[in-house]
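Have a look at the structure below before the remarks.
On a predicted model such as this, the values are computed, not experimentally measured, just so you know. Residues take their numbers from the sequence shown, with the count starting at 1.
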Amino acid sequence: QVQPVESGGGSVQAGGSLRLACVAAGKTGIYQFVGWFRQPPGKEREGVAAIYTGDGDADYADSVKDRFTISQDRAKNTVYLQMNSLKPDDTAMYYCAAAPWRPLPRPTLEKEEYPYWGQGTQVTVSS
């Protein structure tokens with residue numbers, strides 16, 4: 001299996017935007033389940049957004065609803081995380097995770113459901 005690869009992190013002022021990209025594909029194409037997670041310094045890793053690439057169904061953490069959007073480009077085997085209205089609390093290492101299969105065709109923010117993880121990309125939001 002191929003590990004996801006993230007890109008697009010960086011530093012931005014509060015209120016700004018960033019778009020993260022994750023190439024998440026196995027031998028047969030884009031993974032069916034892809035999630036974005038983040039881990040602030042000294043804190044637990046938490047789910048931010050997830051997508052079932054089969055139909056585009058998505059789920060979001062309450063803290064990012066209406067600010068972040070997860071989407072896919074199947075032709076590029078890529079899942080994006082558009083982050084708007086960024087806050088200093090969004091500062092974290094962001095990880096892309098993928099799973100080829102789950103019992104139910106629904107997105108999940110549970111990190112235990114994902115066997116494949118990227119190396120992470122840093123997002124820093126200054127006030």
Side-chain angles (χ1 to χ4, degrees):
Q1 302 297 330
V2 180
Q3 304 300 119
V5 178
E6 308 98 335
S7 62
S11 297
V12 65
Q13 289 191 326
S17 299
L18 284 174
R19 188 177 77 159
L20 306 183
C22 173
V23 178
K27 293 181 179 180
T28 58
I30 194 169
Y31 284 116
Q32 291 197 59
F33 303 92
V34 180
W36 283 100
F37 294 78
R38 67 185 181 187
Q39 188 166 15
K43 295 186 178 180
E44 294 286 321
R45 192 171 298 189
E46 61 178 0
V48 174
I51 189 169
Y52 169 51
T53 61
D55 62 9
D57 188 21
D59 194 17
Y60 297 90
D62 288 343
S63 59
V64 306
K65 279 181 181 176
D66 301 324
R67 298 191 299 123
F68 290 11
T69 303
I70 190 170
S71 62
Q72 61 174 317
D73 184 335
R74 297 180 66 85
K76 295 181 179 180
N77 291 330
T78 300
V79 171
Y80 299 98
L81 184 67
Q82 178 67 44
M83 305 185 295
N84 298 329
S85 302
L86 282 162
K87 306 174 182 179
D89 284 350
D90 295 318
T91 294
M93 184 69 80
Y94 282 71
Y95 297 90
C96 178
W101 180 87
R102 290 188 68 240
L104 295 175
R106 298 284 304 278
T108 179
L109 295 175
E110 297 295 329
K111 56 182 181 292
E112 293 79 10
E113 297 286 330
Y114 294 91
Y116 309 124
W117 289 81
Q119 295 298 307
T121 185
Q122 179 68 37
V123 171
T124 302
V125 184
S126 58
S127 57

*List the atom of M83, the atom of V123, and the distance in Å for their closest heavy-atom pair.*
CE-CG2, 3.9 Å
*So, for Q82 and S17, which heavy atoms are closest and what is the spacing to 0.1 Å?*
NE2-CB, 3.9 Å
*Side-chain heavy atoms under 4.5 angstrom apart, residues restricted to Ile, Leu, Val, Met, Phe, Trp, Tyr: same cluster for V48 and Y31?*
yes
*Report the C-alpha distance between K111 and W117 in whole Å, list the side-chain angles of each, state the deciding distance to 0.1 Å, and finish with yes or no for side chain to side chain contact (heavy atoms under 4.5 Å, CB included).*
CA-CA 10 Å; K111 56 182 181 292; W117 289 81; 3.8 Å; yes
*Got L81 and R38 here, is their nearest side-chain heavy-atom distance under 4.5 Å?*
no
*Does G29 offer a backbone N or O that forms a donor-acceptor pair with the side chain of N77 under 3.5 Å?*
no
*asked:* Taking K87 first and then D90, would you say they form a salt bridge - that is, a charged N and a carboxylate O separated by under 4.0 Å?
replied: no
_Exam field: side chain T121 to backbone S7, donor-acceptor pair closer than 3.5 Å_ = no
*Nearest atoms (heavy-atom pairs only) where C96 meets E6*: N-OE2, 2.8 Å
*For the student: nearest non-hydrogen atoms of A58 and P107, plus distance*: C-CG, 3.8 Å
*Distance-only, no hydrogens or angles: does the R106 side chain make a donor-acceptor pair with backbone N or O of R102 under 3.5 Å?*
no
*Would you find a donor on one side and an acceptor on the other, under 3.5 Å apart, between the side chain of Y60 and the backbone of I70?*
yes
*asked:* If hydrophobic clusters are built by linking Ile, Leu, Val, Met, Phe, Trp and Tyr wherever their side-chain heavy atoms come under 4.5 Å apart, do V64 and V12 end up in the same one?
replied: yes
*asked:* Just verifying a value: how many Å separate L86 CG and R67 CZ, rounded to the nearest 0.5 Å?
replied: 6.5 Å
*How far apart are the C-alpha atoms of K27 and V2, what are their side-chain angles, what is the distance that settles it, and do they pass the side chain to side chain contact (heavy atoms under 4.5 Å, CB included) test?*
CA-CA 8 Å; K27 293 181 179 180; V2 180; over 6 Å; no
*Treating Ile, Leu, Val, Met, Phe, Trp and Tyr as nodes and any side-chain heavy-atom pair under 4.5 angstrom as an edge, say whether I51 and F68 lie in one connected cluster.*
yes
*asked:* For the CD atom of E46 and the CD atom of Q39, what is their distance to the nearest 0.5 Å?
replied: 9.5 Å
_Would Y52 and T108 count as a side chain to side chain contact (heavy atoms under 4.5 Å, CB included) here? Give the steps._
CA-CA 8 Å; Y52 169 51; T108 179; over 6 Å; no
*For C22 against W36, the heavy-atom pair lying closest together*: CB-CZ2, 3.4 Å
*Atom CG in N84, atom CG in L18: separation rounded to 0.5 Å?*
9.5 Å
*asked:* Taking the ring of F37 and the ring of Y94, is the distance between their centroids below 6.0 Å?
replied: no
*Which heavy atom in Y114 sits nearest to a heavy atom in A99, and how many Å separate them?*
CD2-N, 3.8 Å
*Can you tell me how far OG1 of T124 sits from CD of Q13, rounded to the nearest 0.5 angstrom?*
12.5 Å
_Separation between CD1 of I30 and NZ of K76, rounded to the nearest 0.5 Å_ = 12.0 Å
*What distance separates T78 OG1 from Q72 CD, expressed to the nearest 0.5 Å?*
10.0 Å
_For Y95 and R45: C-alpha separation, side-chain torsions, deciding distance, then whether side chain to side chain contact (heavy atoms under 4.5 Å, CB included) applies._
CA-CA 9 Å; Y95 297 90; R45 192 171 298 189; 3.4 Å; yes
